[in-house]
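Taking it in order: structure first as structure tokens, then the write-up.
What you are looking at is a predicted structure, and each value in this text was computed from that prediction instead of being measured. Below, chains carry the letters A, B, ... as their sequence lines are ordered, and counting in each starts from 1.
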Number of protein chains: 2
Amino acid sequence: MKLSAKQLVDFCTNAYIAMGVPQADARLLADSLVQAELWGHPSHGVMRTFWYGKRLQSGAMRARTKSELVVDAGAIAVMDGNEGIGQVIATRAMQEAIARAEAHGIGVVAVRNSGHFGTAMYYTRMAAQAGCIGFLTTNGSPSMAPWGGRTKLIGNNPWSIAAPAGKYAPMMLDIANTVVARGKLHVARKKGESIPLGWAVDKEGRPTTDAAEGIAGNILPFAGHKGYAASIMMDVLSGILSGSHFADTIVGPYSPEGKSGVGHFVWVLDIAAFRPLAAFEADMETLVEKIKGSPPAVKGDEIYYPGELEARADARSRSEGIALPDDVVSELNAQATALGVRSLS
Amino acid sequence: MKLSAKQLVDFCTNAYIAMGVPQADARLLADSLVQAELWGHPSHGVMRTFWYGKRLQSGAMRARTKSELVVDAGAIAVMDGNEGIGQVIATRAMQEAIARAEAHGIGVVAVRNSGHFGTAMYYTRMAAQAGCIGFLTTNGSPSMAPWGGRTKLIGNNPWSIAAPAGKYAPMMLDIANTVVARGKLHVARKKGESIPLGWAVDKEGRPTTDAAEGIAGNILPFAGHKGYAASIMMDVLSGILSGSHFADTIVGPYSPEGKSGVGHFVWVLDIAAFRPLAAFEADMETLVEKIKGSPPAVKGDEIYYPGELEARADARSRSEGIALPDDVVSELNAQATALGVRSLS
């Protein structure tokens, strides 16, 4: 089924309102899910609507987000999310950091007691759109063993950086500290293909080329010890600096119950405090053009700068609509009906 | 030959003094090289002494480092290194950032017109020792093609984060955005072994399992497009935000001539501005203990936290001495003799 972004945002907004979320927050949460669809990342899209919904209904995530600043000191702040909605808290933290950057050149917000916020670049893009460079990381529920270990201890703890690129769409990085997305293992299993050594270990921590064993075990960090160390440091910034939970004490969005304990860490730089924004943007345009003009390994292939594919997917989906698989639509509609919310059609 | 850290520092200091470097700066540069040896990273150690030396002698790198702050605005600053010594400039930038963090909770320094500074965690460790979290990245000479490309356009642009860990040695990350160190390809070639697919491409940009072809071509970024995007964003922070060179306009330390154009980006957080340092350190100790207590994949193996191996190597080398290969000693002594500096013995 093909739907417009507006149809999907309205549907999700109504579902969250029915679960007690104030209208503006419901729309923000809906928009963040639909934006992931628009960028071509359905794994972070509307199929997650009721994952968050179940946490709202259990009370593990509070429908009314009462965040507060527990430290408010010029360029820096610490925000307590009080177990509200991760997307709402992350947005407030980013807005705080942007305002502080405009006043001090740099703004930093450490966030405790938040929740899973979806796609990190949904928030860093706000900084880029404000003429700033934005950084955001978060910890997450355990999905990775320490390097050389066997059992899950740390999250894959994604991080994102976004910067304006002049006349081009913002340059945006948004990565987890894993070698590959879990989805690629599911694809390999369905096709009956083996996976390269170095992608995953089985549940005993042994290297495997069997996709099913990898799914039962652990996806490996990128470049082995490098991704392991990066994921730990992102947990230090997100969980420990903020005074939130860390390592194996985080509860993920897939669990309908249990305090999340997720923390985030945001910094925003006001580019104009460092050098004229126009000069920065001219250099960014040069960088984009160097990348685009670089000779491809395979003749005729196009080379992309970070964030370019998402910008293109966004433009295409906004004009052509967002295609949702039938099983996703059926599941969403079943849940909506139970809430008395109008179905997608 | 086994030498003490002091012998090596004295040797390198004397060599740099003979090349016109002021004594304190000569000692700093020497110490940074010897510290890499102590940490067990000889690739960044004293074998590089005269690589930097040749740049000093050609005048590409100025022996007297006259850095200046071109922006000095509270929590942030922009430093112009004026083509001085990268190690001296990075140290000054880190000290500036620590002082600003102590005053504002956060300190940021963007650096332009610097040079190759060796090992990033030499500087971030200073922040950890001051009760802060330190971040440092730099751009570097082109060593990586854009993802899907064939020719070198961007550096491997390493980045480092360090944090105090209470009673344990600081937790430290220091990584380049590549899947593997170039040295591993040299080892494979010497042994006549093939390399895993995904480590490197040949000089036409085609995936290769031949170590020699990989050396002639390019080492790949970690996790493919992820490491590519991360390396570009580190260049945006190091080169473009600071108004320095970026992408293929950087000159590396292996070239005796040519303006480096390297830029850096530093931030330092004063932990105590966010939460009590003792509480932070208690959580860090818990994290270290969770990691160390995690069951190993291979029975009897030990699991390490980031920076632990370096701390152990440091303690061992300080008591047992640093072993240098004969060919490195011969080369160092030949260069020293030409300068009238006392040889290693």
Side-chain angles (χ1 to χ4, degrees), chain A residues 71 73-76 78 104-106 108 110 133 145-146 148-151 153 161 163 171 173 175 179-180 196-198 201 204-206 222-223 226-227 229-230 232-233 236-237 240-243 246-248 267 269 271 273-275 279-280 283-284 287 290-291 294-297 301 303 306, chain B residues 71 73-76 78 104-106 108 110 133 145-146 148-151 153 161 163 171 173 175 179-180 196-198 201 204-206 222-223 226-227 229-230 232-233 236-237 240-243 246-248 267 269 271 273-275 279-280 283-284 287 290-291 294-297 301 303 306:
Chain A
V71 171
I76 72 155
V78 179
H104 303 280
I106 170 84
V108 176
I133 302 178
R150 182 157 53 86
T151 52
L153 179 65
I161 305 177
M171 196 173 277
L173 165 79
I175 60 172
V179 64
V180 72
L197 212 58
V201 288
E204 301 303 323
R206 294 173 300 211
F222 68 68
K226 291 188 184 187
I232 287 179
M233 297 313 300
V236 170
L237 292 170
I240 297 188
L241 179 69
S242 68
F246 57 92
D248 55 352
W267 59 246
L269 301 169
I271 294 161
F274 291 80
R275 64 183 296 216
F280 176 92
D283 279 353
M284 289 296 288
L287 178 58
K290 279 177 186 276
I291 293 166
S294 198
D301 270 9
I303 296 180
Chain B
V71 171
I76 72 155
V78 178
H104 303 282
I106 169 86
V108 176
I133 303 178
R150 181 158 53 86
T151 52
L153 179 65
I161 304 177
M171 196 173 278
L173 165 78
I175 60 172
V179 66
V180 72
L197 212 57
V201 289
E204 301 302 322
R206 293 172 301 211
F222 69 68
K226 292 188 184 187
I232 287 179
M233 297 312 300
V236 169
L237 292 170
I240 297 188
L241 179 68
S242 68
F246 56 93
D248 55 352
W267 60 246
L269 300 169
I271 293 161
F274 291 81
R275 64 184 297 216
F280 176 92
D283 279 352
M284 289 297 288
L287 178 57
K290 279 176 186 276
I291 292 167
S294 198
D301 272 9
I303 296 180

Checking heavy atoms, do the side chain of [X], its backbone, both or neither come under 4.5 Å from chain A?
{"X": "Ser294(B)", "result": "side chain"}
{"X": "Leu269(B)", "result": "side chain"}
{"X": "Met171(B)", "result": "both"}
{"X": "Ile133(B)", "result": "side chain"}

Partner residues of Phe222(B) under the ring-ring contact (aromatic ring centres under 6.0 Å, His included) criterion, sequence neighbours left out: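 If we apply the ring-ring contact (aromatic ring centres under 6.0 Å, His included) test to Phe222(B), skipping adjacent residues, the hits are Phe222(A).
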Give the minimum heavy-atom separation between [X] and [Y], together with the two atoms involved.
{"X": "Ile76(A)", "Y": "Gly105(B)", "answer": "CG2-C, 4.0 Å"}
{"X": "His104(B)", "Y": "Ala75(A)", "answer": "O-CB, 4.3 Å"}
{"X": "Lys290(A)", "Y": "Ala247(B)", "answer": "CD-CB, 3.9 Å"}

Partners passing side chain to side chain contact (heavy atoms under 4.5 Å, CB included) against Pro296(A) (at least two apart in sequence or in another chain)
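By the side chain to side chain contact (heavy atoms under 4.5 Å, CB included) rule, Pro296(A) matches Asp301(A), Ile303(A).
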Requested in this report: Kindly compute the distance separating CZ (Phe246(A)) from CG (Asp283(B)), expressed to the nearest 0.5 Å.
Outcome: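 These two atoms lie 4.0 Å from each other.
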- Query: Is there side-chain contact between Lys226(A) and Val179(B), with at least one heavy-atom pair below 4.5 Å?
  - Reply: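 Answer no - side chains too far apart.
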Look at [options] and state which one has the largest set of heavy-atom pairs under 4.5 Å with chain B.
{"options": "Ala223(A), Gly149(A), Ala273(A)", "value": "Gly149(A)"}
{"options": "Gly205(A), Pro295(A), Ala229(A)", "value": "Pro295(A)"}
{"options": "Ser242(A), Ala279(A), Gly227(A), Ala230(A)", "value": "Ala230(A)"}
{"options": "Val236(A), Val78(A), Leu241(A), Leu237(A)", "value": "Leu241(A)"}
{"options": "Ile271(A), Val71(A), Ile106(A)", "value": "Ile106(A)"}

Between [options], which shows the greatest number of heavy-atom pairs under 4.5 Å with chain A?
{"options": "Glu204(B), Arg150(B), Arg206(B)", "result": "Arg150(B)"}
{"options": "Ile240(B), Thr151(B), Ile161(B)", "result": "Ile240(B)"}
{"options": "Val201(B), Asp248(B), Leu197(B)", "result": "Asp248(B)"}

